[in-house]
Amino acid sequence: MTTRCAVFGTGSWGTAFAMILADAGCEVSLWGRRPELTATINRTRRNPDYFPDLELPPGVTATSDPAEAAAGAEFAVLAVPSQTLRANLEAWSGAIDRSTVLVSMMKGVELGSVKLMSEVIAEVTGAGPERIAVVSGPNLAPEIVRRQPAASVVACEDEAVAKRLQAACQTGYFRPYTNTDVVGCELGGAVKNVIGLAVGIADGMRLGDNTKASLITRGLAETTRLGLAMGADPYTFAGLAGMGDLVATCSSPLSRNHTFGVNLGRGMTLAETIAATKQTAEGVTSCESVLDLARRHGVDMPITETVVDIVHGGKPPLVAVKELMSRSAKPERR
């Protein structure tokens, strides 16, 4: 029996994951808020806003009706900017069946509430942990749509559900691994965007590989400290959802957060950088909520704090870097 999936969001990752699911043999309904775009996708088999050269598989159809998208879906994939999830899900939740597994593709922490996306999903829909899953890993969408080999993590507290989702999205080029550590996978995805900004800023300042390696390594230490405080498995951060995603985000010019940071490091203002960026760089907003989350758990995250100072405090990057380097020394393992 063919697995039916709904993908809410026609952005780059939503479009790419719809392709993955269809290539894996699923029947996919791709929801978009603009009827003219969904009509174009159905007519041309292409998403002109993101991947005009990608011909979507026959298994993908598009709609602007959330009820039509969700009808009969075993999995409802949520691929919208993290800060819009709550409002969107409140509008969609009545159309989603109570047996449907809700799959988060988002990598952020909600402002104000400092809730992870799985927590927002649970709060809005009332879904239990067996109905909430996460997909996270080094998955740059422009490479995915070229069907270049990539691996990822599908996480759910219910291992049987994680295995069902794994089967639904495994292809010859996309290899998902299962995990039951939802919190760890989500934190890895959220914090790597902040560290990606930091490394981008360093690149924009023309700092060297020693600087970048230090930021990546100590950024992973910050992520792990916060994860431990929140009950995550530390081994998660050594895997695809931790180090894997962090390396891709910090090293690739395809990374939105890295590119955003580069522009800041070159001296552009926040407003100028936002104007030059066509897609959402999740770390720009989430850096504040990640720092707030860390403070609530009593966790020191100096790189994250430095990013917030630069992005939202207007501190010159050179000054911020000097302050970061002058912090009192601590044992490396901490």
Side-chain angles (χ1 to χ4, degrees), residues 9 11-17 20 49-51 54 79-83 104-109 117 134-153 174 185-209 211-220 222-223 237 239-266 268 270 272-287 289-290 303-304 306-308 310-311 317:
S12 58
W13 193 205
T15 302
F17 201 70
I20 290 170
D49 288 355
Y50 291 93
F51 302 118
L54 168 68
V80 296
S82 59
Q83 303 306 324
S104 171
M105 309 292 286
M106 296 150 294
K107 298 178 177 180
V109 177
M117 296 296 99
V134 170
V135 176
S136 191
N139 302 139
L140 297 162
E143 294 182 1
I144 294 287
V145 297
R146 293 198 292 272
R147 295 180 171 86
Q148 295 181 356
S152 193
V153 177
F174 189 77
C185 290
E186 286 191 285
L187 278 178
V191 183
K192 63 94 183 182
N193 287 329
V194 182
I195 308 306
L197 283 171
V199 173
I201 290 168
D203 273 337
M205 296 171 68
R206 296 188 176 181
L207 301 178
D209 291 334
T211 304
K212 289 182 284 186
S214 299
L215 288 170
I216 291 170
T217 305
R218 295 310 302 167
L220 184 62
E222 288 191 11
T223 310
F237 303 109
L240 289 164
M243 176 59 82
D245 204 2
L246 182 63
V247 168
T249 296
C250 291
S251 61
S252 176
L254 297 175
S255 164
R256 306 171 192 177
N257 292 281
H258 179 270
T259 300
F260 199 102
V262 168
N263 288 331
L264 289 174
R266 287 173 177 168
M268 291 176 65
L270 178 62
E272 290 169 341
T273 306
I274 290 173
T277 306
K278 295 181 180 179
Q279 299 184 48
T280 301
E282 291 279 14
V284 175
T285 302
S286 284
C287 63
S289 49
V290 168
I303 297 174
T304 300
T306 299
V307 170
V308 172
I310 294 171
V311 175

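Worth knowing before you read on, the calculation uses all heavy atoms, side chains too, and leaves out hydrogens, waters and symmetry mates.
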Applying the side chain to side chain contact (heavy atoms under 4.5 Å, CB included) criterion to Val134, which one of Glu186, Met105, Met117, Lys107 satisfies it?
Glu186
Once you round to the nearest 0.5 Å, how far does CH2 of Trp13 lie from OH of Tyr50?
14.5 Å
So OG1 of Thr249 and CG of Leu254: to nearest 0.5 Å the spacing works out to 10.5 Å
Give the C-alpha distance, both sets of side-chain angles, the deciding distance and a yes or no for side-chain contact (heavy atoms from CB on, under 4.5 Å) between Val153 and Val135.
CA-CA 6 Å; Val153 177; Val135 176; over 6 Å; no
Checking Thr304 against Glu222: is there a side-chain donor and acceptor pair closer than 3.5 Å?
yes
For Ser136 and Cys185, which heavy atoms make the closest approach, and how far apart are they?
OG-O, 3.6 Å
Rounded to the nearest 0.5 Å, how far apart are CZ of Phe237 and OG1 of Thr223?
7.0 Å
Which heavy-atom pair separates Val307 from Ala198 by the least distance, and what is that distance?
CG2-CB, 3.7 Å
Rounded to the nearest 0.5 Å, the OG1 atom of Thr273 sits from the CE atom of Met268 at a distance of 4.0 Å
If only side-chain N and O atoms count, and only distance matters, is there a donor-acceptor pair under 3.5 Å linking Glu282 with Ser82?
yes
Are Ile195 and Ile303 packed together at the side-chain level, in the sense that at least one heavy-atom pair is separated by less than 4.5 angstrom?
yes
Quick one, Asp203 with Leu207, criterion side-chain contact (heavy atoms from CB on, under 4.5 Å). Give me CA distance, side-chain angles, the key distance, then yes/no.
CA-CA 6 Å; Asp203 273 337; Leu207 301 178; over 6 Å; no
Student check: side-chain heavy atoms of Phe260 and Asn193 closer than 4.5 Å
no
Verify, without hydrogens or angle tests, whether Ser251 (side chain) and Val247 (backbone) share a donor-acceptor contact under 3.5 angstrom.
yes
Please test Ile201 against Val262 for side-chain contact (heavy atoms from CB on, under 4.5 Å), starting from the C-alpha separation and ending with a verdict.
CA-CA 5 Å; Ile201 290 168; Val262 168; over 6 Å; no
Donor-acceptor pair, Thr15 side chain versus Gly11 backbone, under 3.5 Å?
yes
Suppose we screen for side chain to side chain contact (heavy atoms under 4.5 Å, CB included). Which residues come up paired with Ser214, at least two apart in sequence or across chains?
none
Spatial distance of atom CG (Leu220) from atom CG (Leu246) [nearest 0.5 Å]:
6.0 Å
At what distance, to the nearest 0.5 angstrom, does NE2 of His258 lie from CG of Leu197?
10.0 Å
State whether the side chain of Asp245 and the backbone N or O of Gly189 hold a donor-acceptor pair below 3.5 Å, judged by distance alone.
no
N/O donor-acceptor pairs under 3.5 Å from side chains in residues 137-146, not counting sequence neighbours:
from   : atom 1 : to     : atom 2 : distance (Å)
Asn139 : OD1    : Ser152 : OG     : 2.7
Asn139 : ND2    : Ala151 : O      : 3.0
Arg146 : NH1    : Pro142 : O      : 3.2

Are any side-chain N or O atoms of Ser286 and backbone N or O atoms of Ser289, one a donor and one an acceptor, separated by less than 3.5 Å?
no
When every non-hydrogen atom of Gly14 is compared with those of Ala79, the smallest separation belongs to CA-CB, 3.7 Å
Determine the minimum heavy-atom distance between Pro317 and Met205, stating which atoms define it.
CB-SD, 3.6 Å
Arg147 side chain reached by Leu54 side chain, heavy atoms, under 4.5 Å
yes
